[in-house]
Colleague: 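Sending over a structure as structure tokens; questions will come in a sec.
Just so it is clear, the model here is predicted, and its values are computed rather than measured. Sequence lines set the chain letters: A, B, ... in the order given, protein chains first and strands last, and positions in each chain run from 1.
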Amino acid sequence: MLLRMSTLFLRTLREDPADAEVPSHKLLVRAGYVRRVAPGIYSWLPLGKIVLENITRVVREEMNRIGAQEVLFPALLPRDYYEATGRWTEYGDTLFRLKDRKGADYLLGPTHEEMFTDMVKGEYSSYKDYPVTLYQIQTKYRDEARPRAGILRGREFVMKDSYSFDLDDDGLKHSYETHREAYIRIFDRLGIDYRIVFAMSGAMGGSASEEFLAPCATGEDTFVACHNCGYAANAEAVVTPAPPAVTTGHPALEVLDTPDTPTIESLVNYVNEHHGLRITAADTLKNVVVKVRTPGSDKAETLIIGVPGDREVDFKRLEAAVSPGVPEIFEAEDFVRHPGLVRGYIGPQVLKSLGIRYLVDPRVVDGSAWVTGANEPGKHAAHVVAGRDFEADGTIEAADVRAGDSCPRCGHPLSIDRGIEIGHIFQLGRKYADAAGLDALGPDGKPIRITMGSYGVGVSRAVAVLAEQRHDELGLVWPREVAPADVHIVGTGKENQIDVATQLAEELESRGLRVLVDDRAGVSPGVKFKDSELLGLPTVLIVGRGLAQGVVELRDRVTGTKEEIPLAEALDRVLAACQA
RNA sequence: CGGGGCGUGGCGCAGCUUGGUAGCGCGCUUGCUUUGGGAGCAAGAAGCCGCAGGUUCAAAUCCUGUCGCCCCGACCA
């Protein structure tokens, strides 16, 4: 179907919308691809809808290629399915809840593990039925605390979610690998720049988990990469290499007067000046108190985390490390309830007797000596040796990660970047199968508990990611596979220019290209050029002033090249450009 | 939920300090001119100034309350 600007439901905007901050949001709104309806909720206009469908098509083709079968669940779901796994309560405020006319509880599906598990349980019962992989491309609902950046993080979004069901761990590994390859093909075809990074399997349980991150300044995730060995991981999942244990003797623990040293920096300066030490912040041991609450209960455990003084506790990493527990700030009133903890002067020496759990950064190995709190106001202790003067209850990955930190695999310095999560694959294991009692009857007549994998692609988010990664100061620059059309033919308006442009458009359409033609009368050339750059189709053909001399202009939106070509060659040249 | 900003024709904004006629740019309509880089002239249409209450002869403007939105931090495709 030929797209004609004269009738296309489209109005481009000359100015950025006031509520947009990131490039993808500004451009998708300005170019008339999407319009905001409510926070985190957007409508798709004709051109945007075409792009979204193109991405959907690629995802569907690649899922079908690995033998996954498409199904479709309702977005509107009754409460009971999510009651069984406890997620009706666990999901908290992020769940959109509603009631029907009888007062029964419903929800708008944020994700569909329960539904898929239940569906398979309802249909399959023999080991001969497995393995099986099902997927859907569907609208999800999450009442995000703070939707942001337009399409990038909405409360309603399109997601492809798939689930593999296998009889054993080897089968799961195979399903996982198959998905991984499918995702590589999907994102390659879409023209998205991405990295595959290790991720936390976290709350969902299970073992292996990787994320597909699109590197991007506006990304919400932080990841590290090693340019020597190729290791890459979400900052949450980075493993800190532990230095070898120290065995050399240390002087005995010594308590020092350190008045007015509330910060690490002031402490370092003070002990170097007044106590003859030569230490840096990295030689001090900072002890951070938090509470860890178990979801669905009011009980909170007090936990102290020891990290080198030059590092902060990264709340995101801490959260991932204590998951499914939820870390909370230790407030002033909590200190009142724990008189043994001297705020600002906490040292690990007394924690055993206080019965408080103490976890340390992996850098705090046995035999390492530290300057830390002496559990008395105004006093610190030096030569506090791990394993001699205190015992930790274990290690924890909670200290912040920085560019230049050592790669856990090869020791080279790590780089650090931001990215947008566009895909996530992981080996779920048996959590949902356990909850649902999903078994297959084995050849020996005994039940086999099914093991699952779960895999997601942010389909609508991919539109925004492409806009984010592929644009210039003039507008969008779509990869051909997802562009709303292959070629944008612009008739600039004098005499028969529009007629010729339309004829070319019809001819190219009949030869299989997807064509947008600017056939608007009475619109100045400048406006048409600006619009074509803003809309971002990969190939542009200008039928303008050169027509009288029998030439038209062929432009490449990606490279910016412009070339005058004879009208007679226009069809072949455009076809060649679009099929390259 | 904590912090910051903002609600005025479809879009982007001014006006508010110091109450009195609602204004500018873009877009839209009509006519004439123009047509290779967001054209010109002329004439138009379109606004419960977020909502509610209060002060006042008079409120976009002052007061109180309330709702909403955007941005920054803790969640996630």
Side-chain angles (χ1 to χ4, degrees), chain A residues 11-22 25-26 29-30 32 35-36 38-40 59 90-95 110-112 137-162 183 199-200 202-204 211-214 219-221 234 236 314-320 323 326-329 420-426 454-465 474-475 490-495 497-498 520-534 542-547 552-553 555 562 564:
Chain A
R11 186 111 303 153
T12 58
L13 304 178
R14 195 179 287 211
E15 289 164 298
D16 286 334
D19 58 0
E21 200 74 13
V22 301
H25 189 193
K26 290 178 182 173
V29 171
R30 273 192 59 205
R35 290 288 181 259
R36 196 191 79 104
V59 172
E90 254 178 47
Y91 235 96
D93 292 336
T94 306
L95 201 60
T111 176
H112 282 71
I137 296 171
Q138 195 224 30
T139 306
K140 305 290 188 197
Y141 297 87
R142 295 185 194 169
D143 194 359
E144 296 284 350
R146 193 162 77 78
R148 58 175 289 270
I151 300 296
L152 225 34
R153 170 179 212 71
R155 296 196 290 172
E156 178 185 286
F157 57 96
V158 179
M159 178 165 132
K160 186 285 298 178
D161 53 327
S162 47
Y183 277 30
M200 292 296 290
M204 311 289 282
E211 286 172 344
F212 288 69
L213 294 185
E220 297 180 275
D221 284 273
N234 192 303
E236 291 169 15
D314 179 331
F315 223 75
K316 261 189 161 174
R317 297 197 74 209
L318 172 61
E319 195 146 38
S323 178
V326 180
E328 290 174 356
I329 304 285
I420 300 166
E421 186 177 358
I422 48 172
H424 196 161
I425 52 178
F426 79 87
S454 152
Y455 319 87
V457 170
V459 174
S460 49
R461 176 178 281 183
V463 176
V465 165
L474 297 171
V490 176
T492 55
K494 251 186 173 176
E495 290 145 14
Q497 289 164 352
I498 287 176
R520 292 175 294 177
V523 175
S524 74
V527 170
K528 293 190 175 189
F529 296 152
K530 288 289 181 197
D531 276 346
S532 99
E533 282 144 2
L534 184 58
I542 311 286
V543 181
R545 64 182 171 199
L547 189 61
V552 292
E553 184 181 318
R555 294 184 181 182
K562 304 177 181 180
E564 301 255 294

Colleague: Can you find an N or O donor on one side and an acceptor on the other, under 3.5 Å apart, linking the side chain of A:Arg30 with the base of B:G38?
Modeller: yes

Colleague: Under 4.0 angstrom, heavy atoms only, what part of the nucleic acid is A:Ile542 near: base, sugar-phosphate, or nothing?
Modeller: base

Colleague: Kindly indicate whether the side chain of A:Arg148 and the base of B:C72 share any N or O donor-acceptor pair separated by less than 3.5 Å?
Modeller: no

Colleague: For nucleotides 39-44 of chain B, read 5' to 3', which letter fits each nucleotide if B means a protein heavy atom sits under 4.0 Å from the base, S means only the sugar-phosphate is that close, and - means neither?
Modeller: S-----

Colleague: Taking both distances under 3.5 Å as the test for a Watson-Crick or G-U pair, what stems of at least three pairs does RNA chain B have?
Modeller: B:1-7 with B:67-73, B:10-13 with B:23-26, B:28-33 with B:39-44, B:50-54 with B:62-66

Colleague: By side chain to side chain donor-acceptor pair (under 3.5 Å), which residues pair with A:Thr492, not counting sequence neighbours?
Modeller: A:Gln497

Colleague: Between A:Val22 and A:Ser460, who's closer to the 5' end of RNA chain B by nearest nucleotide?
Modeller: A:Val22

Colleague: Who pairs with A:Lys528 by side chain to side chain donor-acceptor pair (under 3.5 Å), at least two apart in sequence or on another chain?
Modeller: none

Colleague: May I ask you to verify whether the side chain of A:Glu533 and the base of B:G37 hold a donor-acceptor pair under 3.5 Å?
Modeller: yes

Colleague: Please report the distance separating the P of B:C51 from the corresponding atom of B:G10, rounded so that it comes out in whole Å.
Modeller: 13 Å

Colleague: Just checking A:Glu144: base, sugar-phosphate only, or nothing, at a heavy-atom cut-off of under 4.0 Å?
Modeller: base

Colleague: One character per nucleotide, please: for nucleotides 8-16 of chain B, 5' to 3', B when the base has a protein heavy atom closer than 4.0 Å, S when only the sugar-phosphate does, - otherwise.
Modeller: ----SS---

Colleague: With sequence neighbours excluded, what pairs up with A:Glu220 under the salt bridge (Lys or Arg N to Asp or Glu O under 4.0 Å) test?
Modeller: A:Arg148, A:Arg153

Colleague: Taking the nucleotide of RNA chain B with the closest heavy atom to each, which residue, A:Ala20 or A:Glu220, is nearer the 5' end?
Modeller: A:Ala20

